[in-house]
Amino acid sequence: MKSSFNKHLIALLLIITSAFVAKAQDTRIQMNSLDHLAAKANQTVDVNVDERLMKLAARLFSDKDEDELKVKKLIEGLKGIYVKSFEFETEGQYVAADLEPIRAQLRGAGWTRLVNVISKKEGNVEVYLQFAGEMVNGLAVLHTDDKELTVVNIVGPVNLDKLAQLEGQMGIPDLGIESPKAKKKTNEQ
Amino acid sequence: MNDDYLWDKTGEPDPQVQELEEILGTLRYQPKPLQIPNELTLPQRRNYFPWVAIAAGVLLAILAGGIWLSTRSRSDAPQRQAEVTAPAPVKEVTPSVPKTPERKNEPREEVVAVVHKHRPRSSTPILSKGEREEALMAKEQVMIALRLTTEKLSLVHKKTQNTSPVNQIKNQHRVG
């Protein structure tokens, strides 16, 4: 009787622990703290594509069109894309405290700040990655400018090489990233 | 002669009446308990209530099933329509299969076989109208998100490539 109770207790503890681990591994960033800025913003972009919608959208990308196929391959396996972007008419429409809940999330749960660009002209851009072993399991980009605030969160295994391959296609700006092979070829020439 | 005897048995009795009384008296009502013969058995009254209840239950289930099926078929109507017209879109989806007149003249069985060949190849099942609209919106959102992401990454790349004293770039910082 007692051993059965112990077994149940251990199972319960395992379930609770796994739930906490799963929660900790969740790379989705809660951006609700920024919602109030929409009222002040001149232009707002709010993208919420969860896993179900991602799969649904993936069906519409053609396998025959090379560009669309690249996007399809990129978003395959992703669990969500979330974006909040605000463009303001004037400066000072948001304060650092507005971003604090997001920064607090990026400080924990295995996030790594890959790049932090500080530019007087174009604002600050921070790129965060979350790793699951060797794999990138999440991407977050934080762009703060005097008149702009953008937070991008891609949940799931992000293939940065494939993301780089999208440059200059389907309205996606040129990243100017050269793959190692291409670089080698240009050097040989 | 007095008729009183006939009416209330008073007065002098009439011998003929008395004789008639004796004859008919044997048929007079004699009170005695009813005796039901043993061989006579009354049929048992059956209780039909459980059967009626079961039948009503089955009927209700059939009715409910019918309503559910009809509503389901109504909601799936566009999808069904798409399924009916499946052979034509299959050819559109796979333009590599030439639409030759010979193929048109082939027997019906072979056309069906072509459709069966294509079904497993297409990984995208037909979407209903609602799903397609949702998928279109999702696709648009995905593209907006990717544009924004790559735009920001492009900015980062530009800044990390062209480092100037104004720009401070800090790479590979572990936060937390």
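Just so it is clear: chains get the letters A, B, ... in the order the sequence lines come, proteins before strands, and each one is counted from 1.
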Q. So which heavy atom on Ala135(B) is nearest to which on Leu56(A), and how close?
A. CB-O, 3.5 Å
Q) Any side-chain heavy atom of Val71(A) sitting closer than 4.5 Å to one from Met143(B)? A) yes
Q.
Do Leu136(B) and Leu60(A) have side chains that approach each other closer than 4.5 Å (heavy atoms only, starting at C-beta)?
A. yes
Q) Side-chain contact, heavy-atom cut-off 4.5 Å: Val156(B) with Glu126(A)? A) no
(Q) Contact between Ile81(A) and Gln141(B) at the side-chain level, heavy atoms closer than 4.5 Å - yes or no? (A) no
(Q) Working to the nearest 0.5 angstrom, can you tell me the gap between Thr150(A) OG1 and Glu151(B) CD? (A) 8.0 Å
Q.
Is there a path of hydrophobic side-chain contacts, each under 4.5 Å between heavy atoms, that joins Phe131(A) and Val158(A)?
A. yes
(Q) Taking every non-hydrogen pair under 4.5 Å, which of Val141(A), Leu129(A), Val83(A), Leu53(A) racks up the most with chain B? (A) Leu53(A)
Q.
For Glu100(A), I'd like to know if atom CD has over 12 heavy atoms of other residues, nucleotides or ligands within 6.0 Å.
A. yes
Q | Electrostatic pair Arg52(A)-Glu134(B), nearest N-O below 4.0 angstrom | A | yes
Q) Transitively linked via ILVMFWY side-chain contacts under 4.5 Å: Phe88(A) with Val95(A)? A) no
Q.
Could you tell me if the side chain of Thr149(B) sits less than 4.5 Å from the side chain of Leu139(A), heavy atoms only?
A. yes
**Q.** CG-CG distance between Leu114(A) and Leu153(B), expressed to the nearest 0.5 angstrom
**A.** 9.5 Å
(Q) Are Glu68(A) and Lys139(B) packed together at the side-chain level, in the sense that at least one heavy-atom pair is separated by less than 4.5 angstrom? (A) yes
Q: Determine, step by step, whether Val45(A) and Leu148(B) satisfy the side-chain contact (heavy atoms from CB on, under 4.5 Å) criterion, reporting the C-alpha distance in whole Å, the side-chain angles of both residues, the deciding distance to 0.1 Å, and the verdict.
A: CA-CA 10 Å; Val45(A) 176; Leu148(B) 262 170; 4.0 Å; yes
Q | Val127(A) and Lys152(B), any side-chain heavy atoms less than 4.5 Å apart | A | no
Q: Please look at Asp50(A) and chain B and tell me whether the side chain, the backbone, both or neither of the residue comes under 4.5 angstrom of a heavy atom of that chain.
A: neither
(Q) Can you tell me which of Ile154(A), Asn48(A), Leu78(A) forms the most heavy-atom pairs within a distance under 4.5 Å of chain B? (A) Asn48(A)
